[in-house]
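To start, the structure under review is shown below, and the notes come after it.
The analysis underlying the following values was restricted to heavy atoms, covering all of them including side chains, and did not include hydrogens, waters or symmetry mates. Proteins get letters first, then strands, A, B, ... in listed order; numbering begins at 1 in each.
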Amino acid sequence: MNIDDFKPMTVYTIYIASTPERVWEALTSAEFTRKYFFGNAVEVELKVGGAYIVRTPDGALHISGEVIECVPPRRLTVTFNVNWPGLIEKLGPTLVSYEIEPAGDAVRLTMTESHDRPLSDDILSGGRQGWPAILSSLKSLLETGAPLVIKMGPPQRMLAALKELGIATP
Amino acid sequence: MPKPEFVYVTYIETTPEKLWQALTSSEFSKRYWFNTELQSDFKVGSPFALVTNGTPTDDGEILEADPPRRLSYTFRHVLNDDMRNERPTKVVFNIEPHGKLVKLTLTHEGFAEGSTLLDGISKGWPAILSSLKSLLETGTALAIPIAALDIEGME
């Protein structure tokens, strides 16, 4: 896998009244992520080549990947592959990169989702629905101490597109 | 080719009414929008202007005003020569209740290919709307210096 083959397809930037260290912790700690990431827990071995996994609230493996770049508290890049049979074979791997930069008294967090081949807006709509909710809740959690309770149905448009490609979805 | 536009969604713990007020009142906007005043009566057909520290930066006309659900206006940047000569663009705010929260969707569209303004607003809106969210949720806007946005021609 060559990281240079990946092109950004979804970018979301949010400014947070926090420190780079606290934002880094919020992105990499299972306890923190459970609060704002729809109950999902991120478990990451913070070194290049380390494992990156996301577990659903019932403990099942949802996303598995590998740490590609790890520069605390500035930059984390991981492969972010949803464990649905046939998905990675048909769509290729997903790369997610978090960049954390000071901006005055605040922190700018930029999430970039990249892919190594063109994907339709239908396929990308799942991430585009999820990221604003996840990162809005992360911001609220760091600023107010409480995450947002965002009720969100399944990403129907993406699921329909996956089904059409013959990818089995839960 | 995707059409040149900028879409930003955020979820805010507030009410549609408070969010509408924040998007249409200078008292609010001066706190979260780089000390910018919103000059308009927000009636369809009325002029609209953004004035920062006494200097007009952007202007347009109100296209839709359906409080507290939908607001849109035309938008032209007037400070920078390149951007002033680009065709007017369109800003749309959609405000939807989402459980006990409010979902805000900003769509800024109508850019010419290779628009300089598109690059500028793509850096500006996340800062403005993040600060708006902070103000409504915590009572305090963010202190982001405009220079931190790295917008060309706006150092």
Closest heavy-atom pair, Ser136(A) versus Thr10(B), reported as atoms and distance to 0.1 Å, is OG-OG1, 3.0 Å
Quick one, Ser131(B) and Tyr15(A) - any side-chain contact, counting heavy atoms below 4.5 Å? no
### Query
Do Ile68(A) and Val82(A) share a hydrophobic cluster, counting only Ile, Leu, Val, Met, Phe, Trp and Tyr and linking them when any side-chain heavy atoms are less than 4.5 Å apart?
no
Okay, Arg108(A) and chain B: the region with an atom under 4.5 Å from a heavy atom over there is side chain
The interface call for Ile16(A) against chain B, heavy-atom contacts under 4.5 Å, is backbone
- prompt: Are there more than 12 heavy atoms of other residues, nucleotides or ligands under 6.0 Å from atom CD of Glu164(A)?
  reply: no
(request) Decide whether Phe111(B) and Val78(B) are clustered together by the hydrophobic rule: side chain heavy atoms of Ile, Leu, Val, Met, Phe, Trp, Tyr closer than 4.5 Å, transitively. (result) no
Ranking Gln129(A), Glu143(A), Glu101(A), Arg128(A) by heavy-atom pairs under 4.5 Å to chain B gives rank one to Glu143(A)
Cut-off 4.5 Å, heavy atoms of chain A, and the answer for Leu129(B) is neither
Residues Pro145(B) and Gly104(A): closest non-hydrogen pair is CD-CA, 3.3 Å
query = Transitively linked via ILVMFWY side-chain contacts under 4.5 Å: Leu63(B) with Ile95(B)?
reply = no
Check: Between Tyr8(B) (side chain) and Pro132(A) (backbone), is there a donor-acceptor pair under 3.5 Å?
Finding: no
Let me see the working for Ser140(A) and Glu13(B) under side chain to side chain contact (heavy atoms under 4.5 Å, CB included), right down to the final yes or no.
CA-CA 9 Å; Ser140(A) 295; Glu13(B) 182 142 21; 5.8 Å; no
Count I, L, V, M, F, W, Y as connected when their side-chain heavy atoms are under 4.5 Å apart, and connections chain through other members. Are Val51(B) and Leu23(B) then in the same cluster? no
Legend entry - Residues, nucleotides or ligands: over 12 heavy atoms within 6.0 Å of Lys90(A) NZ: yes
Notebook entry, point to check: If you count the non-hydrogen atoms of other residues, nucleotides and ligands that lie under 6.0 Å from NZ in Lys30(B), is the total more than 12?
Noted result: no
* Is a donor on one side and an acceptor on the other found under 3.5 Å between the side chain of Lys151(A) and the backbone of Gly99(B)? -> no
Honestly, the part of Ile144(B) sitting under 4.5 Å from a heavy atom of chain A is both
A quick test of your reading: do over 12 heavy atoms of other residues, nucleotides or ligands sit less than 6.0 Å from CD of Glu27(B)? no
**Prompt:** Same cluster or not: are Leu95(A) and Trp84(A) linked, directly or through other Ile, Leu, Val, Met, Phe, Trp or Tyr residues, by side-chain heavy atoms under 4.5 angstrom apart?
**Reply:** no
Heavy-atom nearest pair, Tyr11(B) first then Leu148(A), reads O-CD1, 3.4 Å
For a quick check under 3.5 Å, do Thr144(A) and Thr138(B) share a side-chain donor-acceptor pair by atom type?
no
